[in-house]
Amino acid sequence: MGLHILFSSVISCFLVKSVLSADSGYENCRPKTCGKGPEISYPFYIRDNGTDYCGHLGFSVRCEEGWPVYKSWFADYIIEEINHGLQSFRLVDADVINSTCPAPSYNFSFARSSVYFAPNHAYIYFFYHCNDSFSANYTYSELKCNSSAMTKTFLALVPRDQDVNWSRSACEAVVAEPVQLDTWDVNQTIANLDYMKFLKSGFTLKWIGGGYDCANCKNSGGFCGFIDESNVCYCPDGPHSKHCHDGKACLDHVIACS
Ligand SMILES: *[C@@H]1O[C@H](CO)[C@@H](O)[C@H](O)[C@H]1NC(C)=O
Ligand SMILES: *[C@@H]1O[C@H](CO)[C@@H](O)[C@H](O)[C@H]1NC(C)=O
Ligand SMILES: *[C@@H]1O[C@H](CO)[C@@H](O)[C@H](O)[C@H]1NC(C)=O
Ligand SMILES: *[C@@H]1O[C@H](CO)[C@@H](O)[C@H](O)[C@H]1NC(C)=O
Ligand SMILES: *[C@@H]1O[C@H](CO)[C@@H](O)[C@H](O)[C@H]1NC(C)=O
Ligand SMILES: *[C@@H]1O[C@H](CO)[C@@H](O)[C@H](O)[C@H]1NC(C)=O
Ligand SMILES: *[C@@H]1O[C@H](CO)[C@@H](O)[C@H](O)[C@H]1NC(C)=O
Ligand SMILES: *[C@@H]1O[C@H](CO)[C@@H](O)[C@H](O)[C@H]1NC(C)=O
């Protein structure tokens, strides 16, 4: 008997807590900004603010100095733009954005699945600390501001997914920085590209929809998010499954069906 009372009060505490957080989802999953930059909303969410259930794993954003930051393994990228219609977003390397001599130290890495490059991406390769024996099978130029009397930095524009044949013993490090070109022109090289502009415009990634029609929810006045692993539409009167005019979400063990 005593055990039964204890057990059911644990259950009801859990239920109360879940229902409370489900109801505040409408406030918490409202689009937000970090101060500057685009609004952050599903599938993105602001990390460490108790709103992890407002977006997909892998779309966490940190606010740093007022900017939304997308973290790759080693490097930080500022989110400059999010286009929900095209399911795309544009990133600029934080080491490059305001630098007079952009010299990224890390490769971009797809630590997270469900994103991929938009068409017409390319790479600007940075070959660091090279000596005069350097050569490569793409046109290259020297980044004078990152060179010294002893070692030079060279840049090359390389089309997406192409390998580079370069004299590996000539340099100490190489970093491939993604850029987004408008079109791919076979005659485009680092020598005739305004590469500073392209580096500072960054690159565009696209995301694969998770199968949930968030626009349907947004158009009905709701904000998308999750309860447990299930997508829901957070509405003023609580979570619904698809949009604010359909039946209230009833999810096993979280919200009882009414
Ligand atoms: C994060 O949460 C705190 C406290 O709840 C709030 O004051 C702050 O505005 C939130 N930050 C963002 C970027 O939503
Ligand atoms: C870059 O510089 C501009 C102008 O000084 C500033 O407003 C902005 O916050 C800087 N961006 C970052 C990511 O530091
Ligand atoms: C060139 O850039 C690299 C990578 O950011 C940096 O480690 C190095 O100190 C820079 N070299 C010079 C001469 O500025
Ligand atoms: C790379 O370039 C070197 C020197 O030009 C050449 O000997 C070598 O065969 C090339 N390697 C490949 C894989 O193309
Ligand atoms: C450069 O060399 C790499 C490796 O051999 C090769 O895959 C690539 O097609 C070459 N590119 C050009 C423009 O020659
Ligand atoms: C410099 O050049 C020589 C060949 O001339 C090479 O053996 C050496 O490893 C090169 N690289 C560096 C980083 O010093
Ligand atoms: C960056 O990527 C290039 C091309 O894949 C690779 O050759 C290079 O070793 C990588 N550099 C670092 C620092 O991981
Ligand atoms: C590329 O350059 C070659 C030689 O200069 C020229 O004949 C060709 O038309 C150019 N191609 C494009 C697409 O501009």
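Note that ligands are numbered from 1 as they come in the structure, with each ligand's atoms numbered from 1 the same way.
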Give the residue, atom name and distance (to 0.1 Å) of the protein heavy atom nearest atom 5 (O) of ligand 7. Tyr125 OH, 4.3 Å

Whether Trp166 and Phe134 hold their rings parallel, tilted or perpendicular, with breakpoints at 30° and 60°: tilted

Would you mind checking which non-hydrogen protein atom is closest to atom 7 (O) of ligand 3, with the distance to 0.1 Å? His129 NE2, 4.9 Å

With a distance cut-off below 6.0 Å to the six-membered ring centre and an angular limit of 45° from the axis, does Arg47 pair with Tyr45 as a cation-pi contact? no

Would you say Tyr123 touches ligand 7, if touching means a heavy atom closer than 4.0 Å? no

Validation row, ring centre Phe127 to ring centre Tyr140 under 6.0 Å: no

heavy-atom search around atom 9 (O) of ligand 5 in the protein gives Gln162 OE1, 3.5 Å

For the cysteine pair Cys217/Cys244, does the gap between the two SG atoms stay under 2.5 Å? no

What protein heavy atom sits nearest atom 8 (C) of ligand 3, and how far off is it? Asn146 ND2, 3.9 Å

Is atom 14 (O) of ligand 3 close to the protein, meaning a heavy atom under 4.0 Å from it? yes

In this structure, atom 10 (C) of ligand 5 is nearest to the protein heavy atom Asn137 ND2, 2.5 Å

Between Ala176 and ligand 7, is there a nitrogen or oxygen pair with a distance under 3.5 Å? no

Which heavy atom of the protein is the closest neighbour of atom 6 (C) of ligand 5, given with residue, atom name and distance? Asp163 O, 4.0 Å

Please work out whether the ring planes of Tyr125 and Tyr123 are parallel, tilted or perpendicular, with thresholds of 30° and 60°. perpendicular

Does Ser105 have a non-hydrogen atom less than 4.0 Å from ligand 3? yes

Give me the nearest non-hydrogen protein atom to atom 12 (C) of ligand 7 as residue plus atom name, then the distance to 0.1 Å. Asn107 ND2, 3.3 Å

So, Lys71 and Glu64, do they make that salt bridge, N to O below 4.0 Å? yes

Per-atom filter on ligand 3: closer than 4.0 angstrom to a heavy atom of Ala103 are 2 (O), 4 (C), 5 (O)

Which word best sums up how the rings of His56 and Tyr42 line up, parallel for under 30°, tilted for 30 to 60°, or perpendicular for over 60°? tilted

Would you call Asp48 and Arg62 a salt bridge, taking side-chain N to carboxylate O under 4.0 Å as the test? yes

